[in-house]
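Below is one structure, written out as structure tokens, with a few remarks after it.
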Amino acid sequence: MPIRLHPVQQFTSPGEVTPAMRRKLTACWVEVTNAGGAAGFPLSPVDETHAAPAVDGILATLAPATHRLLTATTDGELVGWLTIRRDTFELIAHWGTLHHVQTRPAVRGRGFGASLVHEARRIARDEMGLTQLRLAARGGAGLEDFYGRLGWRVVGRWPRALRLAADDYRDEVLMLLDPL
């Protein structure tokens with residue numbers, strides 16, 4: 001079954017992100033984390049006091065050449081987002097990484113995450129001049145299957161790299177999309 005692509009908006013500088021969008025990004029991150037999503041916070045529950053400073057840190061570093069934010073909305077509501085980052089160091093400037101890939105639990109399975117990742121691929125290749133994308137996914141969350149359907153492949157793992165609780169360690173699954 002073909003993936004239905006949804007409109008995605010791109011932000012390339014801090015000034016492009018309105019206070020309302022900042023609040024939506026924060027609320028989405030809180031919701032995804034508290035539903036068990038693998039989006040950057042180790043423990044739940046989290047609230048705005050945890051997520052807002054992290055969002056602010058991301059927004060402060062947006063720049064066309066090195067760091068972009070992509071958002072997916074439907075009916076005016078933010079349903080997901082991710083960031084693309086690259087290092088400008090000459091030896092590794094040809095690849096970038098996806099971070100904070102997340103969609104609200106209520107809309108999963110409707111293609112919003114796939115749309116974000118497809119658009120990230122296009123932007124990385126066509127606008128940022130990258131030749132490959134990388135990401136690290138939390139093991140045990142089924143993310144390898146999601147990314148695999150979108151052309152990514154597992155290239156390694158860091159066993160027990162993530163400590164989510166005193167007795168809950170997860171592998172970090174290293175994935176690659178190459179060529180773009």
**Request:** For residues Arg22 and Leu59, determine if any side-chain heavy atom of one lies less than 4.5 Å from a side-chain heavy atom of the other.
**Result:** yes

**Prompt:** So, Glu16 versus Thr12: side-chain donor-acceptor pair below 3.5 Å or not?
**Reply:** yes

**Asked** Closest approach of Thr26 and Ala51, non-hydrogen atoms and distance?
**Response** CG2-CB, 3.8 Å

**Request:** Could you tell me which non-hydrogen atom of Asp178 sits nearest to which non-hydrogen atom of Thr131, and how far apart they are?
**Result:** OD1-O, 3.4 Å

**Message:** Using 0.5 Å steps for rounding, measure from the OG atom of Ser13 to the NE2 atom of His67.
**Reply:** 12.5 Å

**Request:** Kindly indicate whether the side chain of Ile84, heavy atoms from C-beta on, has any atom under 4.5 Å from the side chain of Leu98.
**Result:** yes

**Prompt:** Side chains of Arg104 and Cys28: closer than 4.5 Å at any heavy-atom pair?
**Reply:** yes

**Message:** Can you tell me how far apart CZ (Arg68) and CD (Glu119) are? Round to the nearest 0.5 Å.
**Reply:** 10.5 Å

**Point-to-point distance, once rounded to the nearest 0.5 Å, from CG of Leu180 to CD1 of Ile123** = 12.0 Å

**Message:** Whether the side chain of Asp171 engages the backbone of Arg160 through a donor-acceptor N/O pair (distance < 3.5 Å, no angle test) should be reported.
**Reply:** yes

**Fill in**
Heavy-atom closest pair (Pro14 atom, Ala60 atom, distance to 0.1 Å) is CG-O, 3.8 Å

**Request:** Tell me whether Leu130 is reachable from Leu150 by hopping between hydrophobic residues (I, L, V, M, F, W, Y) whose side-chain heavy atoms are closer than 4.5 Å.
**Result:** yes

**Item:** Smallest separation among heavy atoms of His50 and Pro45, with atom names
**Value:** CE1-O, 4.4 Å

**Under 3.5 Å: donor-acceptor pair, side chain of Asp87, backbone of Phe89** = yes

**Asked** When you check the gap from the basic side-chain N to the acidic O, do Arg122 and Glu127 get nearer than 4.0 Å?
**Response** yes

**Request:** Decide yes or no for Val117 and Trp152: does some side-chain heavy atom of the first lie under 4.5 Å from some side-chain heavy atom of the second?
**Result:** yes

**Item:** Interatomic spacing from CG in Leu176 to CZ in Arg153 - rounded to 0.5 Å
**Value:** 4.5 Å

**Arg85 vs His99 side-chain heavy atoms within contact, under 4.5 Å** = yes

**Message:** Can you tell whether the side chains of Arg157 and Glu144 come within less than 4.0 Å, N to carboxylate O?
**Reply:** yes

**Arg170 side chain near Leu164 side chain, heavy-atom distance below 4.5 Å** = yes

**Asked** Are Leu116 and His118 close enough, and set up right, to give a side-chain contact (heavy atoms from CB on, under 4.5 Å), and what steps lead you there?
**Response** CA-CA 6 Å; Leu116 283 164; His118 281 300; over 6 Å; no

**Message:** Under a plain distance cut-off of 3.5 Å, with no hydrogens placed, do Thr83 and His100 share a side-chain donor-acceptor pair?
**Reply:** no

**Request:** Determine whether Leu135 and Val155 fall in the same hydrophobic cluster, where Ile, Leu, Val, Met, Phe, Trp and Tyr are linked whenever their side-chain heavy atoms lie under 4.5 Å apart.
**Result:** no

**Minimum heavy-atom distance between Ala161 and Glu172, given as atom pair plus value** = CB-CB, 4.0 Å

**Request:** Without swapping roles, check the side chain of Asp75 against the backbone of Glu77 for a donor-acceptor pair under 3.5 Å.
**Result:** no

**Prompt:** Does NZ or CZ of Arg86 come closer than 6.0 Å to the centre of the six-membered ring of Trp95, within 45° of the ring's axis?
**Reply:** no

**Chi angles and distances behind the side-chain contact (heavy atoms from CB on, under 4.5 Å) call for Glu48, Arg23** = CA-CA 9 Å; Glu48 184 176 302; Arg23 285 190 300 276; 5.7 Å; no

**Prompt:** Are Leu82 and Val32 joined in one hydrophobic group, where the rule is that I, L, V, M, F, W and Y side chains link up if heavy atoms are under 4.5 Å apart?
**Reply:** no

**Asked** If Ile, Leu, Val, Met, Phe, Trp and Tyr residues are connected whenever their side-chain heavy atoms lie under 4.5 Å apart, and connections chain through other members, are Leu174 and Val101 in the same group?
**Response** no

**Request:** Please step through side-chain contact (heavy atoms from CB on, under 4.5 Å) for the pair Thr103 and Val79, ending with a clear verdict.
**Result:** CA-CA 6 Å; Thr103 56; Val79 294; 5.9 Å; no

**Request:** Keeping the roles fixed (side chain from Thr61, backbone from Ile58), state whether a donor-acceptor pair exists under 3.5 Å.
**Result:** yes

**Request:** May I ask whether Phe146 and Val154 are part of the same hydrophobic cluster, defined by side-chain heavy atoms of I, L, V, M, F, W, Y residues being less than 4.5 angstrom apart, directly or through others?
**Result:** yes

**Check: Gly76 main-chain N/O paired with Thr73 side-chain donor or acceptor under 3.5 Å** = no

**Message:** When you compare the side chain of Arg121 with that of Leu177, does any pair of heavy atoms fall below 4.5 Å?
**Reply:** yes

**Item:** Test: Arg163 and Asp168 ion pair at under 4.0 Å
**Value:** no

**Request:** Compare every heavy atom of Ala120 with every heavy atom of Leu133, then report the nearest pair and how far apart it is.
**Result:** CD1-O, 4.1 Å

**Message:** side-chain contact (heavy atoms from CB on, under 4.5 Å), that's the test. Do Met21 and Phe11 meet it? Break it down for me.
**Reply:** CA-CA 11 Å; Met21 178 57 75; Phe11 299 90; 4.1 Å; yes

**Prompt:** Is any side-chain heavy atom of Leu70 closer than 4.5 Å to a side-chain heavy atom of Trp81?
**Reply:** no

